[in-house]
Amino acid sequence: MALKRRLEGVVPPGLVEKVPSSFEIMGSRAGAVAIVEIPAELEPYKHEIARAIAAMNKHVKAVLRRLGARSGDYRLYNFEVLIEGPTEVLHKEHGYLIKVDPTKVYFSSRDQTDRLDVASRLGEGERVLYLFAGVAPYAVAMAKLARPRIIVAVELNPWGFKYMVENFKLNKIRNAVAVHGDVAAVAPLLRKKFDRVLMTLPLGAYRYLPLAFDCLEGGGVVHFYHLGREEDPFRDAEEVAKKLCPDCQIVDRRVVRDYAPGVYKVRLDIYKPH
Ligand SMILES: C[S@@+](CC[C@H](N)C(=O)[O-])C[C@H]1O[C@@H](n2cnc3c(N)ncnc32)[C@H](O)[C@@H]1O
């Protein structure tokens, strides 16, 4: 039964429409955390909403309310705890596991289709540089679903680095290297070493695009994430890419998902020739 239906008779009829129609679940049978956005009008009913969510999924041990937008270098939400419980979970995706605590490091289960798509682009034996890696879910997807030679993953948040190392062990990945550091300092040490670079930081990756191009050896692809307005989601990203690399070709473009009202997270696949 949908959340709205469950709250009929609890929330006044005029407010039922405001009850969120969806929420995010991270985890597995071993335990899950639910993350929900509750509008201010429903403040008096937030605990009933949390209990209804927990009743809908018996694996949910903690319910968190998202407050505001992601912020800071680590791209984290502020959360209000509505049902207290463990927030470190083992999230199961396409045959692999991701250990993560969403209160400490970025993770979104809504990016999983994009992970599959990126993994499907890899050729055998590719060398991949994964910038802004968080707990490294794209690296795990690529290592489990494709056949890269090596993946180097770089993350600033110490919690991201810790979980990244654990995720490589958990999934028995031996051809991935975890690096704890700032992309601005690490990428210049990795010039001309890769066939493919992923830049999963939609709010700001453009500042590092020249560094990413420098990390390619010969011809190669950069997966560049950016934000775009609904009317023309790829315009800004394409303008940036063309300005920074006039010789490059945009070989694919995808709307990854909605990001905020009227704003999409987009991905451009940019081929830089030799
Ligand atoms: C949008 S998240 C993506 C994380 C991961 N790729 C994923 O999809 O779950 C961006 C990540 O970049 C990290 N980050 C931000 N600035 C950074 C920098 N200058 N160097 C390295 N990592 C950075 C943040 O801590 C955050 O974990």
Side-chain angles (χ1 to χ4, degrees), residues 22 24 37 66 68-78 105-122 128-134 136-139 141-142 153-157 160 182-188 190-191 194-216 219-274:
S22 65
E24 186 172 3
E37 208 174 338
R66 249 167 57 176
R70 290 187 183 276
S71 63
D73 282 349
Y74 298 164
R75 312 307 304 141
L76 298 179
Y77 285 120
N78 282 318
V105 56
Y106 174 99
F107 180 75
S108 175
S109 57
R110 296 173 64 215
D111 293 332
Q112 60 174 299
T113 308
D114 188 56
R115 287 192 255 286
L116 274 188
D117 186 74
V118 169
S120 75
R121 310 283 167 139
L122 257 66
V128 183
L129 176 60
Y130 176 20
L131 304 174
F132 315 107
Y138 281 84
M142 288 186 286
V154 185
E155 169 59 39
L156 189 63
N157 178 346
D182 187 332
V183 163
V186 177
L190 300 171
R191 286 210 164 95
F194 297 92
D195 305 299
R196 188 177 295 270
V197 181
L198 250 94
M199 308 183 74
T200 51
L201 182 69
L203 203 72
Y206 69 93
R207 293 198 301 269
Y208 304 86
L209 251 182
L211 278 179
F213 289 134
D214 281 354
C215 291
L216 293 172
V221 172
V222 172
H223 298 287
F224 168 51
Y225 291 78
H226 198 63
L227 299 179
R229 299 213 67 84
E230 206 171 13
E231 313 81 76
D232 194 354
F234 302 106
R235 192 185 60 203
D236 284 3
E238 288 186 356
E239 270 175 24
V240 173
K242 282 179 189 150
K243 191 169 153 206
L244 292 172
C245 183
D247 294 345
C248 287
Q249 298 149 27
I250 292 160
V251 289
D252 208 347
R253 40 189 227 170
R254 280 175 59 94
V255 169
V256 176
R257 60 177 169 85
D258 52 330
Y259 183 89
V263 180
Y264 290 129
K265 168 168 161 175
V266 299
R267 189 187 95 210
L268 288 189
D269 295 351
I270 307 170
Y271 177 74
K272 183 173 184 289
H274 189 50

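All figures in this text were calculated on a predicted structure; none of them were measured in a lab.
- Residues Val186 and Leu190 are in side-chain contact: their nearest non-hydrogen atoms beyond the backbone lie under 4.5 Å apart.
- Among all heavy-atom pairs drawn from Ala184 and Asp182, the shortest one is N-OD1, 2.9 Å.
- Side-chain contact between Val154 and Tyr130: absent, with no pair of heavy atoms (C-beta onward) separated by less than 4.5 Å.
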**Request:** Show the numbers, then the answer: is there a side chain to side chain contact (heavy atoms under 4.5 Å, CB included) between Asp236 and Tyr206?
**Result:** CA-CA 10 Å; Asp236 284 3; Tyr206 69 93; over 6 Å; no

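- A pairwise comparison of heavy atoms in Ser108 and Arg115 identifies O-NH2, 2.9 Å as the closest pair.
- Between Leu216 and Asp195, every side-chain heavy-atom pair lies at or beyond the 4.5 Å cut-off.
- Here the side chains of Asp111 and Val256 are in contact, with some heavy-atom distance below 4.5 Å.
- For Arg253 (side chain) and Ile250 (main-chain N/O), no donor-acceptor pair under 3.5 Å exists by modelled atom type.
- Closest non-hydrogen pair, Gly160 versus Val105, comes out as CA-CG2, 3.6 Å.
- Glu238 contributes atom CD, which lies 15.5 Å from atom NZ of Lys243 (distance to the nearest 0.5 angstrom).
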**Asked** Could you walk me through whether Tyr138 and Asp114 pass the side chain to side chain contact (heavy atoms under 4.5 Å, CB included) check?
**Response** CA-CA 9 Å; Tyr138 281 84; Asp114 188 56; 2.6 Å; yes

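- When atom types are taken as modelled, the side chain of Thr200 and the backbone of Leu131 share a donor-acceptor pair closer than 3.5 angstrom.
- Residues Arg267 and Asp269 are paired through a salt bridge, judged by an N-O separation under 4.0 Å between the basic side chain and the carboxylate.
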**Prompt:** Under the side chain to side chain contact (heavy atoms under 4.5 Å, CB included) criterion, do Leu156 and Val183 qualify, and how do the steps go?
**Reply:** CA-CA 8 Å; Leu156 189 63; Val183 163; over 6 Å; no

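- At least one donor-acceptor pair closer than 3.5 Å links the side chain of Glu24 to the backbone N or O of Ser109.
- Between Leu211 and Pro188, the closest side-chain pair of non-hydrogen atoms falls below 4.5 Å.
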**Request:** Go through Leu198 and Leu129 one step at a time and tell me if the side chain to side chain contact (heavy atoms under 4.5 Å, CB included) criterion holds.
**Result:** CA-CA 6 Å; Leu198 250 94; Leu129 176 60; over 6 Å; no

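- Nearest approach of Glu155 to Gly134, heavy atoms of both residues: OE1-N, 2.7 Å.
- Looking at Val222 and Tyr271, their side chains never come closer than 4.5 Å, going by heavy atoms from C-beta outward.
- Side-chain contact between Phe213 and Cys248 is present, with at least one heavy-atom pair separated by less than 4.5 Å.
- The backbone N or O of Val221 sits nowhere less than 3.5 Å from a side-chain atom of Arg121 that would complete a donor-acceptor pair.
- If you run side chain to side chain contact (heavy atoms under 4.5 Å, CB included) between Asp258 and each of Lys265, Glu230, Arg110, only Arg110 comes through.
- A donor-acceptor contact closer than 3.5 angstrom is absent between the side chains of Asn157 and Tyr106.
- Around atom CZ of Arg257, more than 12 heavy atoms belonging to other residues, nucleotides or ligands sit under 6.0 Å away.
- With rounding to the nearest 0.5 Å, the separation of CZ in Arg70 from OH in Tyr259 is 7.5 Å.
- In terms of heavy-atom proximity, Ala141 sits nearest to Ala119 at O-CB, 4.0 Å.
- A distance of 11.0 Å separates CG of Leu203 from CG of Asp73, quoted to the nearest 0.5 Å.
- A salt bridge does not link Lys272 to Asp247: none of the charged nitrogens lies less than 4.0 Å from a carboxylate oxygen.
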**Request:** Before giving the answer on ring pair (Phe, Tyr, Trp, His ring centres under 6.0 Å), spell out for His223 and Tyr225 the whole-Å C-alpha distance, their side-chain angles and the decisive distance to 0.1 Å.
**Result:** CA-CA 7 Å; His223 298 287; Tyr225 291 78; 7.4 Å; no

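- With ring centers used as reference points, Tyr208 lies under 6.0 Å from Phe132.
- Counting heavy atoms from C-beta outward, Arg254 and Leu268 have side chains that stay 4.5 Å or more apart.
- Remark: Lys242 NZ to Ile270 CD1 distance equals 10.5 Å, nearest 0.5 Å.
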